[in-house]
Number of protein chains: 2
Amino acid sequence: MNLLLSVSRKQQKEETRQRLMDAAATALASGRSFDTLSLREVAKLAGIAPTSFYRHFHDMEGLGLALIEAQGDSLLDLVHRVREQTSGGTSLIRASVETLFDHVGEHQGISRMIQQERLSPESAFRDAADKLLATLSADLTDFLVWDAKERGVPFSHPELAADLTVGILFTTGIAMLDTPADQRERQVEDTITKLRMIMRGAEAMAHAK
Amino acid sequence: MNLLLSVSRKQQKEETRQRLMDAAATALASGRSFDTLSLREVAKLAGIAPTSFYRHFHDMEGLGLALIEAQGDSLLDLVHRVREQTSGGTSLIRASVETLFDHVGEHQGISRMIQQERLSPESAFRDAADKLLATLSADLTDFLVWDAKERGVPFSHPELAADLTVGILFTTGIAMLDTPADQRERQVEDTITKLRMIMRGAEAMAHAK
DNA sequence: CAGTTGTGCGTACATGTGTACGCTGAAATC
DNA sequence: GATTTCAGCGTACACATGTACGCACAACTG
């Protein structure tokens, strides 16, 4: 088996698979909800015959799960990069808000889908979306604990504060996509204030038990 | 025009209209998202012919808007009733959480729909849902301001605190619908802690500007 | 009581859906 | 070079969908 040459076919397949995912993402970005996307429609957008879809995914559900998973990877990366390139205390909040809002803007469709599916009843999508956000939240919890210790400040219920933060960031990030530009700055500032409020609260609760 | 006798026909029509709305609500409650509901399906559930649907709504969108509006009315009522029958300070948080969670539980379908539509791009649904939550939030803002003055406690950014509160209540209320019973109590307590955290933060921010 | 109004129905049609089946042709393997 | 593998296609079918059209027949009106 020649690995170098065998690439070509697998590569081609990978490309079509990616085209399917891109097609779905595009449709989602234009405001459609995932479960109104039809297999035929996505296939047409990707430039393949409807029946060829099955060579890549067993289902539309399969496609959806692939989308969520891909988004998860890209998100964890992003979050870590923000942490590294930002130093001390409060400016981190601002940096996180702005970076995450950008990211949501560039992946409107999938971001929206993930948030919407999180509200759906028990389903594979719901589970995948929950898991994604839980990962981010756990990651942020660790950071909050570390940061509080670093600054010598007591901090109560870091998991809950992290949970709130992640939820707010995504929800408002998505809501902001259709906000007229002249109101955005205000909305960003409000979001930052909200996050500060939470952090302050967590510290206050630690002081006076 | 005889008002007394003319009731019968209007009444009948009102009943069918209500049956349509109930049918949609039932379908939504079983986990379907609104835009996967078909006109035919809803009509069948309501026990009328597909074409008769048009006698009551111009569209599925019309039905959806009616659902959201109806929910808005019932919600404002509920919130006010909670306030009246609850006295002083902290217990109000607990009462609000529990009552609203109950309400969401009894109106799963529409509650879910409203939250999901709030994330959709500009549309009639989105607008209606936003407006509903904004009303609740404004109402809660007034109360927070009044309550803070009452207790002689300074309170920073009450609108933002109200916004956070409303968002959290609905989001977790819906997420909790599919939570196994043995984890619910925990989740309720967590939600209460989150809300306390926010209130504490708002107070802390007012103290040290 | 004659006339109007309007809810509800059945039929019909064009269009979109998921997917089973079998073929093709080029890439991969031996 | 002969053989196998497999991504992609076209055809076909049994549905579901929105909605136009016109009729029925009870409730309402004057």
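What's counted below: heavy atoms across the whole structure, side chains too, no hydrogens, waters or symmetry copies. By convention in this document, chain letters (A, B, ...) are assigned in the order of the sequence lines, proteins followed by strands, and residues within each chain are numbered from 1. Bear in mind the structure is a predicted one, so any value in this text is a computation, not a measurement.
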Give the rounded distance in Å between these two atoms: [atom1] of [X] and [atom2] of [N].
{"X": "K44(A)", "N": "dG18(C)", "atom1": "NZ", "atom2": "C1'", "answer": "15 Å"}
{"X": "H58(A)", "N": "dA20(C)", "atom1": "NE2", "atom2": "P", "answer": "9 Å"}
{"X": "M60(B)", "N": "dA16(D)", "atom1": "CE", "atom2": "P", "answer": "17 Å"}
{"X": "F57(A)", "N": "dG8(D)", "atom1": "CZ", "atom2": "P", "answer": "12 Å"}
{"X": "Q12(A)", "N": "dA26(C)", "atom1": "CD", "atom2": "P", "answer": "13 Å"}
{"X": "K10(B)", "N": "dA26(D)", "atom1": "NZ", "atom2": "C1'", "answer": "17 Å"}
{"X": "E14(B)", "N": "dT7(C)", "atom1": "CD", "atom2": "P", "answer": "12 Å"}
{"X": "K13(B)", "N": "dC9(C)", "atom1": "NZ", "atom2": "P", "answer": "14 Å"}

Hey, what do you get for [atom1] ([X]) to [atom2] ([Y]), rounding to the nearest 0.5 Å?
{"X": "M199(A)", "Y": "I93(A)", "atom1": "CE", "atom2": "CD1", "answer": "5.0 Å"}
{"X": "T26(B)", "Y": "Q108(B)", "atom1": "OG1", "atom2": "CD", "answer": "11.0 Å"}
{"X": "R200(A)", "Y": "M205(B)", "atom1": "CZ", "atom2": "CE", "answer": "6.5 Å"}

Counting side-chain heavy atoms from CB outward, which of [options] is closest to [X]?
{"X": "S38(B)", "options": "dG18(D), dC21(D), dT19(C)", "value": "dG18(D)"}
{"X": "R55(B)", "options": "dG8(C), dT5(D), dA7(D)", "value": "dG8(C)"}
{"X": "S52(B)", "options": "dC6(D), dG8(C), dT17(C)", "value": "dG8(C)"}
{"X": "T51(B)", "options": "dT19(D), dT19(C), dA26(C)", "value": "dT19(D)"}
{"X": "S8(B)", "options": "dT19(C), dC28(D), dT17(D)", "value": "dC28(D)"}
{"X": "A49(A)", "options": "dT19(D), dA7(D), dC9(D)", "value": "dC9(D)"}
{"X": "Y54(B)", "options": "dT19(D), dT5(C), dG8(C)", "value": "dT19(D)"}
{"X": "R9(B)", "options": "dA12(D), dA27(D), dA12(C)", "value": "dA27(D)"}
{"X": "L39(B)", "options": "dA27(C), dT19(C), dG18(D)", "value": "dG18(D)"}

Original post:
Going by modelled atom types, is there a donor-acceptor pair between the base of dT19(D) and the side chain of R40(B) at under 3.5 Å?
Top reply: yes
Subject >> Option passing side chain to side chain donor-acceptor pair (under 3.5 Å) with T179(B) (candidates R184(B), R186(B), Q187(B)) >> reply: Q187(B)
**OP:** Apply salt bridge (charged side-chain N to carboxylate O under 4.0 Å, His left out) to R94(A) and E189(A), showing your working.
**Re:** CA-CA 9 Å; R94(A) 170 163 259 115; E189(A) 294 307 317; 2.7 Å; yes
